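Written below as structure tokens is the structure these notes are about.
Keep in mind that this is a model prediction, so the values were computed, not measured. Proteins come first, then strands; the chains are lettered A, B, ... in the order of their sequence lines, and each starts at number 1.
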Amino acid sequence: MTIHNSEIADKLNRLANLLEIEGANPFRIRAYRNAARIIGNLSKDVSDLVAQGENLCDLPGIGQDLSEKITTLAQTGELPLLTQIEARTPAILNDLMKIEGLGPKRIQVIYKKLGIKSINDLRSAIGKGRLRRLHGFGEKTEQKILQGIEHLTEYGQRIKLAEIIPVVESLTRYLKNNQAVKEIECAGSFRRRKETVGDLDILVSAKENKTVIEHFVKYGEIADIISEGSTRAAVHLRSGIQVDLRVVSPGSFGAALLYFTGSKEHNIAIRKIAVQKNLKINEYGIFKGEKELGGRTEEEIYKQIGLSYIEPELREDRGEIAAARKKQLPKLITLNDIRGDLHCHTTATNGTASLEAMAKAAEEFGHEYLAITDHSEHLSVAHGLDKKGLLTQIKAIDKLNSKLKKLVILKSIDVDILEDGSLDMPDSILKELDLTVCSIHNLFNLPLKKQTERIIRAMDNPCFNILSHPTGRLINKRQPYAIDIERIIHAAKERGCILELNAQPDRLDLNDIYCKLAKDIGARLAISTDAHSPSQFAYMQFGIYQARRGWLEKADVVNTRPLKELMKILKR
DNA sequence: GCCGTTTTCGGCCCGACTGTTTTCAGTCG
């Protein structure tokens, strides 16, 4: 049995929670949480590192003790300290930590005094009025906890980035109606363009705070107000999303933006650097004693602590600070760098628009080239094309190309990788195409080795160009299939194959961490929309966001190249 | 529990809001 990084991180987090409930040293708890984050963000499997005899102490934030604990965990699947603590503090208390308004101290009290262990226990205790009899608990706290339980059971999941955009747009439009508002930005994980967001953090600079807050809490979509003060307020929208508003003076906008954008780990790291330089960073600015050295812009603050400006997408404490210090940050790719799209579908299979309509939309989007990649026969639910169907499409593309002025249509296919690693179309036909996009669309549950070798065997075919949605995950819906991604990236590099970053908002596959791994290994990537309708070409933006989070630059992505150069790359 | 061109011991980011209590602890970001 191999234990995955996410499971190791989960166990460390659970241990940290229980320790916190027991009242352990807060810095020790932080060390465990920090280690959980480091492991969770790692692109390589800890189990592999351990098997190779690597010393985990080399990882930042992991010392001798944690290294030994994690090694044991990777080897045996057990974390003895966790087992030991669970013997006296029930593991189920972890569930209570997820409830808004309930932290370790209160959980400790309700467990010790009332024997409450689960959310159900808690609900019934509140119903019987047992909670409000405890010292430090009152009626309002009770109501808040009840609301927290309700909110948790109703809206457990984070929301996909694409789904939150209209919410942000209408809210910011509303806030701008207030005369006092000068600048406005949606910060938080939204600004870092994370694939999902948990809540919204809106930052406003204004001449006067009070009227902005008053205006905010009157927004028509608000279900309830969580808190309302003189500089910040928090609400739930009717959709369940929490929105935090923070208002600062224009002179502090940069400092507040930095603070509110996060990530928390990035903030802690840069504030630590400030402390080392005898400076202090807070949401109002950067200070030497009483003297303010900056705060109007984020750049000012980074500069004061000797760092070049760090793009929001990189602020995850994954090496960006060291890179900023050495002036070695990547020049991140932008939407403008993209020249074409290498994956889309038409009505020939499961797209909603004709070849002509897709071509027109791609041209209007500004593309120089577009690959038409309908499904192959094996994917019967999508009415995949057989040999004859593909040959018909090839002819139609030739005809259309002779009419098009600005755009070139590339002949292609989204061909299934079959169980034995062969492609679902004879090579003799694949050779007629400009490129191939190859996908796994069935047998998601093969064992890791088998699935990995299925893909690598497919790449051995010289007709293989792009591996589409390489891990197969669907955000909030389906786990990635079991594959050795590092081996696949190496195999792609050796064979001149390309890895796709599929820009569909529920795929974003490869994810940010694997994009960076591919870049570090030196494999090429393509950012493609997999558009099934004309409007979906706009999904390219989401691919770009994810690519930027993965440190990708223009040169790492093949569809930033002019057509001629691209064709050379596709020759393998 | 981690970490070190001030330190191998003594620090560890910083502030706002709420509820309950009467000066502050707990929670959150």
Send over the distance from A:Phe137 CZ to B:dA25 C1', rounded to a whole Å.
12 Å
If the cut-off is 4.0 Å, is A:Ser230 near the phosphate of B:dA16, judged by side-chain N/O to OP1 or OP2?
no
Indicate whether any N or O donor in one side chain lies under 3.5 Å from an N or O acceptor in the other, for A:Arg14 and A:Asn17.
no
Establish, with yes or no, whether the OP1 or OP2 oxygen of B:dG29 is under 4.0 angstrom from a side-chain nitrogen or oxygen of A:Gln242.
yes
Under 4.0 Å, counting only non-hydrogen atoms across every strand here, what does A:Ile270 touch: a base, just sugar-phosphate, or nothing?
nothing
Expressed in whole Å, how much space separates the P atoms belonging to B:dT22 and B:dT5?
46 Å
Residue met sooner reading DNA chain B from 5', once A:Gly101 and A:Tyr32 are mapped to nucleotides
A:Tyr32
Here the residues of residues 208-217 of chain A within 4.0 Å heavy-atom distance, strictly under, of DNA chain B are none
Under 30°, 30 to 60°, or over 60°: which ring-plane class applies to A:Tyr302 and A:Tyr309, parallel, tilted or perpendicular?
perpendicular
Choose from B:dT27, B:dA16, B:dC13 the nucleotide whose nearest atom is closest to any side-chain atom of A:Lys105.
B:dT27
Does a side-chain N or O from A:Lys264 land closer than 4.0 Å to OP1 or OP2 of B:dC28, or not?
no
In whole angstrom, what separates A:Gln147's CD from B:dG19's P?
11 Å
Pair A:Ser252-A:Tyr259, side-chain hydrogen bond (donor to acceptor under 3.5 Å, both in side chains): steps then yes or no
CA-CA 11 Å; A:Ser252 293; A:Tyr259 151 72; over 6 Å; no
How is A:Gln108 classified with respect to the nucleic acid when contacts are heavy atoms under 4.0 Å: base, sugar-phosphate, or nothing?
nothing
Can you check the distance between B:dT6 and B:dG11, where both ends of the measurement are the C1' atom (answer in whole Å)?
12 Å
Interatomic distance, A:Ile110 atom CD1 to A:Lys105 atom NZ [nearest 0.5 angstrom]
14.5 Å
Whole-Å distance, A:Leu66 CG to B:dC3 P, equals 9 Å
Return no unless some side-chain N or O of A:Lys69 is found under 4.0 Å from OP1 or OP2 of B:dG1.
yes
Whole-Å C1' distance, B:dT20 and B:dT27:
14 Å
Quick check: any donor-acceptor pair below 3.5 Å linking the side-chain of A:Asn267 to the base of B:dG29?
no
Of all heavy-atom pairs between A:Tyr284 and A:Arg246, which one has the smallest distance, and what is that distance?
OH-NH2, 3.0 Å
For B:dA16 and A:Tyr284 - does any side-chain N or O of the residue sit under 4.0 Å from the phosphate oxygens OP1/OP2?
yes
Residue-phosphate contact under 4.0 Å: A:Arg271 side-chain N/O, B:dC13 OP1/OP2:
no
B:dC2, B:dG29, B:dA16: which one has an atom nearest the side-chain heavy atoms of A:Thr231?
B:dA16
Say you pick atom P in B:dT21 and the same atom in B:dC14; how far apart are they, in whole Å?
31 Å
Please report the distance, rounded to the nearest Å, between CZ in A:Arg30 and P in B:dC3.
13 Å
Under a 3.5 Å cut-off for both contacts, is B:dC2 paired Watson-Crick or G-U wobble with anything, and if yes, with which nucleotide?
B:dG11
Side chain of A:Glu228: nearest nucleotide among B:dC12, B:dT18, B:dG15?
B:dT18
A:Arg106 side chain: which of B:dC17, B:dG26, B:dG29 is closest?
B:dG26
Among the nucleotides B:dT21, B:dT18, B:dG1, whichever has the atom closest to the side chain of A:Lys144 is B:dT18
Could you give the distance separating B:dT23 and B:dC17 at their C1' atoms, to the nearest angstrom?
16 Å
Distance check needed: B:dC28 C1' versus A:Arg33 CZ, whole Å only.
12 Å
Around atom CZ of A:Phe216, are there more than 12 heavy atoms from other residues, nucleotides or ligands closer than 6.0 Å?
yes
A:Asn34 has an atom CG; how far is it from atom P of B:dC2, in whole Å?
10 Å
Integer angstrom distance from the P of B:dG19 to that of B:dC9:
46 Å
Charged N-O contact under 4.0 Å between A:Glu265 and A:Arg192:
no
Nearest listed nucleotide, side chain of A:Lys140, among B:dT20, B:dG29, B:dG1:
B:dT20
Presence of A:Thr141 side-chain N/O under 4.0 Å of B:dT20 phosphate oxygens OP1/OP2:
yes
How is A:Pro26 classified with respect to the nucleic acid when contacts are heavy atoms under 4.0 Å: base, sugar-phosphate, or nothing?
nothing
Rounded distance in Å - CG (A:Asp199) to P (B:dG29)
6 Å
In whole Å, what separates the C1' atom of B:dC12 from that of B:dT7?
13 Å
Do A:Lys44 and A:Glu54 pass the salt bridge (Lys or Arg N to Asp or Glu O under 4.0 Å) test, and can you show the C-alpha distance, the side-chain angles, and the key distance before you say yes or no?
CA-CA 12 Å; A:Lys44 300 184 177 191; A:Glu54 298 234 6; over 6 Å; no
Does some side-chain heavy atom of A:Leu96 sit less than 4.5 Å from a side-chain heavy atom of A:Ile21?
no
Return the value, rounded to whole Å, for the distance between atom CG of A:Leu134 and atom P of B:dG19.
18 Å
5'-most by nearest nucleotide on DNA chain B - A:Pro60 or A:Ala233
A:Pro60
Proximal nucleotide (of B:dA16, B:dG1, B:dC12) relative to the A:Lys272 side chain
B:dC12
Check whether A:Arg296 reaches the backbone of A:Pro250 with its side chain - one donor and one acceptor, N or O, closer than 3.5 Å.
yes
Regarding A:Leu102, tell me which of base, sugar-phosphate or nothing describes its non-hydrogen contacts under 4.0 Å with the strands shown.
sugar-phosphate
